[in-house]
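Residue numbers start at 1 and run along the sequence shown.
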Amino acid sequence: TKVHSPGGVACLTYLPQEPLLVSTGTASNSILMHIFDNPDHSARLLKSRKGHSAPPSLTRYLHPAHNDTTEHTTKSSTDAAVCQLLTTGSLDRTLRVVSTARSVLDKEYSQGQGLQKRAKSLGLSSTAELLLPPVTDCVVTSTRQRDWSDLITIHRNHSFAYMWSTQRGAQSGPVLRQTHWNVSAMKVPPPPSTHATSVVLSGCGNYALVGTKEGMI
């Protein structure tokens, strides 16, 4: 099983008196702990700590409303909601949540099911080429979090905006676009003048407004 790809394994270390193996990646920016407790004496992944494989350029609080001065007077500095950061904009094209309090809450947001299978069918060495371009801006609100998507992203040299659910940790809902724009990568894409440059969510959480390169909203 490939546990550190791409880049390979940088170091392996056994923990004394424990059936535990720790591995680090050369380029994957990850540290994994494996435990040998299967009936056939093979290992399984026990814990992991992963980050972007390239420097992120955009960081936001996942729950901005939990981080104002009023909330800080009543919440502990180690409250899980307060300590969650949304990091993205990296050349690895991923969107991640990082918790400074509880590593168990760290995760990479899903960009669709079956990416591994699709990459294999297309003869690709990894799923990286199937991911969305790097994120250039995003906005999140908890106002209607239980009703529909609460996170919107726009991407480098890209016209569409994408909806995400922070509860599911995955894309959720339709792609935001003009009705006459082609969605299929096999068709002619919208012109560069329509590339998204900014995005905002209304206070009620019902509307997303996207600004474009040509000055349209």
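Separation of atoms CG (Leu132) and NE2 (His155) is listed at 4.5 Å; rounding is to 0.5 Å. In this structure, OG on Ser110 lies 7.5 Å from CD on Gln171, to the nearest 0.5 angstrom. Separating the CG atom in Leu46 from the CG atom in Leu21 is a distance of 11.5 Å, to the nearest 0.5 Å. How far OG of Ser198 is from CG of Leu209: 9.0 Å, rounded to the nearest 0.5 Å. Interatomic distance, CG of Leu151 versus OH of Tyr109, reported as 6.5 Å (0.5 Å rounding). Atom SG of residue Cys138 and atom CD1 of residue Ile152 lie 10.0 Å apart, to the nearest 0.5 angstrom.
Residues Met163 and Pro174 come closest through the heavy atom pair SD-O, 3.2 Å. When all heavy atoms of Ala208 and Leu176 are compared, the pair lying nearest together is CB-CD1, 3.9 Å. Contact record, Arg144 with Cys204: CG-O, 3.2 Å, taken as the closest heavy-atom pair. Shortest non-hydrogen contact noted between Ile154 and Ala161 is CG2-CB, 4.0 Å. Thr141 and Gly205 make their closest contact through CG2-CA, 4.4 Å (heavy atoms, listed as atom of the first residue, atom of the second, distance).
At a threshold of 4.5 Å between non-hydrogen side-chain atoms, the residues Tyr14 and His34 do not count as touching. Two residues are said to be in side-chain contact when any heavy atoms from C-beta on lie closer than 4.5 Å; Leu122 and Leu130 meet this criterion. The closest side-chain heavy-atom distance from Thr136 to Leu58 is not below 4.5 Å. The shortest side-chain heavy-atom distance between Leu15 and Met33 falls under the 4.5 Å cut-off.
Atom CZ of Arg146 is surrounded by 12 or fewer heavy atoms from other residues, nucleotides or ligands within 6.0 Å. Surrounding NZ of Lys107 are more than 12 heavy atoms belonging to other residues, nucleotides or ligands, all under 6.0 Å away. Residue Arg118 qualifies as open at atom CZ: its count of foreign heavy atoms under 6.0 Å is 12 or below. Environment of CG in Leu12: crowded, with over 12 heavy atoms of neighbouring residues, nucleotides or ligands closer than 6.0 Å.
Ser149 places a side-chain N or O within donor-acceptor distance of the main-chain N or O of Ser172, the cut-off being under 3.5 Å. With hydrogens and angles ignored, the 3.5 Å screen pairs no side-chain donor or acceptor of Ser193 with any backbone N or O of Glu214. In terms of modelled atom types and a separation under 3.5 Å, the side chain of Arg93 and the main chain of Leu131 share a donor-acceptor contact. With hydrogens and angles disregarded, no donor-acceptor distance shorter than 3.5 Å links the side chain of Glu108 to the backbone of Leu95. Ser202 places a side-chain N or O within 3.5 Å of a backbone atom of Tyr207 that can act as its donor or acceptor partner. Side-chain N or O atoms of His52 include none that pairs as donor or acceptor with a backbone N or O of Leu91 at under 3.5 Å.
Proximity of the aromatic rings of His41 and Phe36 is defined here by a centroid distance below 6.0 angstrom, and this criterion is not met.
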Under the criterion side chain to side chain donor-acceptor pair (under 3.5 Å), I'd like the reasoning laid out for Ser159 against Trp181: C-alpha separation, chi angles, the key distance, then a yes or no.
CA-CA 9 Å; Ser159 300; Trp181 289 354; over 6 Å; no
Check against side chain to side chain contact (heavy atoms under 4.5 Å, CB included), Val140 and Thr166:
CA-CA 9 Å; Val140 62; Thr166 60; 4.2 Å; yes
For Val175 and Tyr162, what are the C-alpha separation, side-chain angles and deciding distance, and is it a side chain to side chain contact (heavy atoms under 4.5 Å, CB included)?
CA-CA 5 Å; Val175 176; Tyr162 293 84; 3.6 Å; yes
The test is side chain to side chain contact (heavy atoms under 4.5 Å, CB included); show your working for Phe160 and Gln178 and say whether it passes.
CA-CA 9 Å; Phe160 308 146; Gln178 296 295 324; over 6 Å; no
Assess the residue pair Thr153 and Thr88 against the criterion (side chain to side chain contact (heavy atoms under 4.5 Å, CB included)); give the C-alpha distance rounded to whole Å, side-chain angles, the decisive distance to 0.1 Å, and a yes or no.
CA-CA 10 Å; Thr153 61; Thr88 184; over 6 Å; no
Is there a salt bridge (Lys or Arg N to Asp or Glu O under 4.0 Å) between Asp150 and Arg168? Walk through the geometry before answering.
CA-CA 11 Å; Asp150 55 340; Arg168 291 177 47 216; over 6 Å; no
Please step through side chain to side chain donor-acceptor pair (under 3.5 Å) for the pair Thr212 and His195, ending with a clear verdict.
CA-CA 5 Å; Thr212 67; His195 289 171; over 6 Å; no
Apply side chain to side chain donor-acceptor pair (under 3.5 Å) to residues Arg44 and Asn38 and explain how you reach the verdict.
CA-CA 8 Å; Arg44 63 179 176 87; Asn38 288 325; 4.6 Å; no
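Taking Arg177 as the reference, nothing meets the side chain to side chain donor-acceptor pair (under 3.5 Å) condition, with sequence neighbours excluded.
In the hydrophobic clustering of ILVMFWY residues, with side-chain heavy atoms under 4.5 Å counting as a link, Val199 and Val135 come out apart. Tyr61 and Val139 are assigned to two separate hydrophobic clusters, defined by single-linkage of ILVMFWY side chains at heavy-atom distances under 4.5 Å.
Between Asp137 and Arg156 there is no salt bridge, since no side-chain N of the basic residue sits under 4.0 Å from a carboxylate O of the acidic one. A salt bridge is defined here as a Lys NZ or Arg NE, NH1 or NH2 lying under 4.0 Å from an Asp or Glu carboxylate O, and Arg96 with Asp106 fails to meet this definition.
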